[in-house]
Amino acid sequence: MSIITVSASKHSNLLRLLTSHTFLRRLSTEPPEPQPPPQQKTSNHNSIITEALQLLQTPGNEWNTTQLNQLLFPDSPPSSSSPRLFYQITRRLPSSSQALKFLNYLQNNSPSSPDTQSLLSYTFQAIFELAFCEPESNANLSRLYKTSKELNIPLTVNAASFLLRAYGRSELVEESFILFNDLDPSVKTTYLRNVWLSILLRSGRVKDALKVIDEMFESNEDSNCRPNDATGDVLFSFLLKRERNGEILSEDEIVNLVLKFGDHGVLISSFWMGRLITRLCRNRKTNRAWDLFTEMIKLGAVLESATCNSLLTGLAREGNFNRMNELMAKMVEMDIQPNVVTFGILINHMCNKTGDLKFAQKVMRKMIKAGVVPTVATYGALINAYCLNGNVNEAMEIFKDMKAASKVPPNTVIYNILIDSLCKNNKVKSAVSLMEDMKIRGVTPNTTTYNAIFKGLRDEKDLEKVFEFMDRMIEHACNPDYITMEILTEWLSAVGEIERLKKFVAGCEVSGSSAQKASART
DNA sequence: GTCGCCCTTC
């Protein structure tokens, strides 16, 4: 971690920003009143649907076509018979095979008009949708596609998308290519291409997917297949998935894609923007994150508090106080509210290693006054700040306050900070009593906790206690890491307790494997 | 409709 050297005047500058009228006012803003839902419209559309469905309840070969015709085609030419009506009726039929019979009836009975083909296409879409939800649907959908071609009924956008998705979930990527190329250009809308895109990405055809996007970008400004927000979401949600870390495209390549979208007037969602900036900052590419951030603002992007928090953390880690200040000013300017996390970052990074703990407390007080409720991590940041400044007594006071008054109970991390700091300040007895406190309060120690206490006990040469905690570690199936092993191996072998060490290792293997079995069972 | 929920403490 870097040491931040900041002048006091810059501190007060920041504090002023943080607690500026705008900031505080934003913090206490109430959410807007919910709007009443728009009044529902009723029409005789619905009664036609209900009546038609009643007539269609009898077996297919017994349908009263005269009555149906009167209901569905009351006038000729059928000016009002929108394809939507036929879609809605078909969609409510019990199965795709029933729906196919209805289609057959429509083909034979609908008076010919310019609307006929559209009517049949919409009916066919409903058939696809029904089939999509039925068992064995994938084979069925392929058959239906063939039927539609034989009957010369063009697919609607939605019908094509159901078919594409069916191919996608059956991993029939080659078939999806054939279908896509076979479709009429008018059907290949942005929406359909987005569906196609997600299928390509999921099946690992990243290059093909990027080609589709390029085509979309190269299409005319007024075409129906320009990339939209969803295009960006489909692509970037794929590239920035939690478990992915640059193995598909490098971060720089992803940034370039984001900028390309931006140049074409598509701003990716603030959520994915945030994810990308977070990732850049975590991978020590804070400059790149900063450039992207400022570029997106220039393009008019709306960014979230969480994104700014990531960037603040990255800048703080580098000790770039000027840019932190600049970012805070931008937040005020752009109405991005600082939240409890923002305050946590400031407490943690702004008062470390300079020792300006008054600043930390000031931030905390202002924050509470502004109605922002501190979380366990906020207290963690404050306690950590005190500990890092060698003021463990004051840190313990905050900890006691936390237990006594606050509704925020201390967690493992809080105990870890204190136990580590107490041990480093030769207050191992107090650290041990915190271990007991954890036990009483039901806070589970983890490997970090044991490592901290082991180091303290080693300095005190307290073999009796270390054996006790080693047993407890095994008992609670807490796995040692390389730090644990390093401390114990060095110390115990030096004092001739190899057997005790071996017993510990064997115990860990047993408890480790039983823990694995337990988690496998759940 | 298609995508899916980033940020602070050991």
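What you see below is based on every heavy atom in this structure, not just the backbone, and it leaves out hydrogens, waters and symmetry mates. Note on naming: letters A, B, ... go to the chains in the order of the sequence lines (proteins, then strands), and numbering restarts at 1 for each one.
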Show your reasoning for whether ring pair (Phe, Tyr, Trp, His ring centres under 6.0 Å) applies to Phe128(A) and Phe132(A). CA-CA 6 Å; Phe128(A) 269 111; Phe132(A) 192 77; 9.6 Å; no
Filter on side-chain hydrogen bond (donor to acceptor under 3.5 Å, both in side chains), then keep only pairs touching residues 297-306 of chain A, sequence neighbours left out; what's left? Ser270(A)-Glu304(A)
Test side-chain contact (heavy atoms from CB on, under 4.5 Å) applied to Lys439(A) - qualifying residues, sequence neighbours left out: Glu436(A), Arg472(A)
Of the candidate nucleotides dT2(B), dG4(B), dT9(B), which contains the atom at the shortest distance from the side chain of Ser237(A)? dG4(B)
So what does Asn446(A) hit on the nucleic acid, given a heavy-atom distance under 4.0 Å: a base, only sugar-phosphate, or nothing? nothing
Taken to the nearest whole Å, CZ/Arg275(A) to P/dC6(B) is 6 Å
I'd like to know whether Ser161(A) forms a side chain to side chain contact (heavy atoms under 4.5 Å, CB included) with Tyr191(A), so could you lay out the CA-CA distance, the side-chain angles of the two residues, the decisive distance to 0.1 Å, and finally the verdict. CA-CA 9 Å; Ser161(A) 84; Tyr191(A) 168 67; 3.6 Å; yes
Write down the distance between CD (Glu251(A)) and P (dC6(B)), rounded to a whole number of angstrom. 17 Å
What is the separation between atom CG on Asn384(A) and atom C1' on dC10(B), rounded to the nearest whole Å? 7 Å
Separation of Trp196(A) atom CH2 from dT2(B) atom C1', in whole Å? 15 Å
Given dT8(B), dG1(B), dT9(B), which nucleotide is nearest the side-chain atoms of Val413(A)? dT9(B)
Tell me what Thr313(A) touches on the nucleic acid: a base, only sugar-phosphate, or nothing, going by heavy atoms under 4.0 Å. sugar-phosphate
Without decimals, in angstroms, what is the distance between Asp229(A) CG and dT2(B) C1'? 12 Å
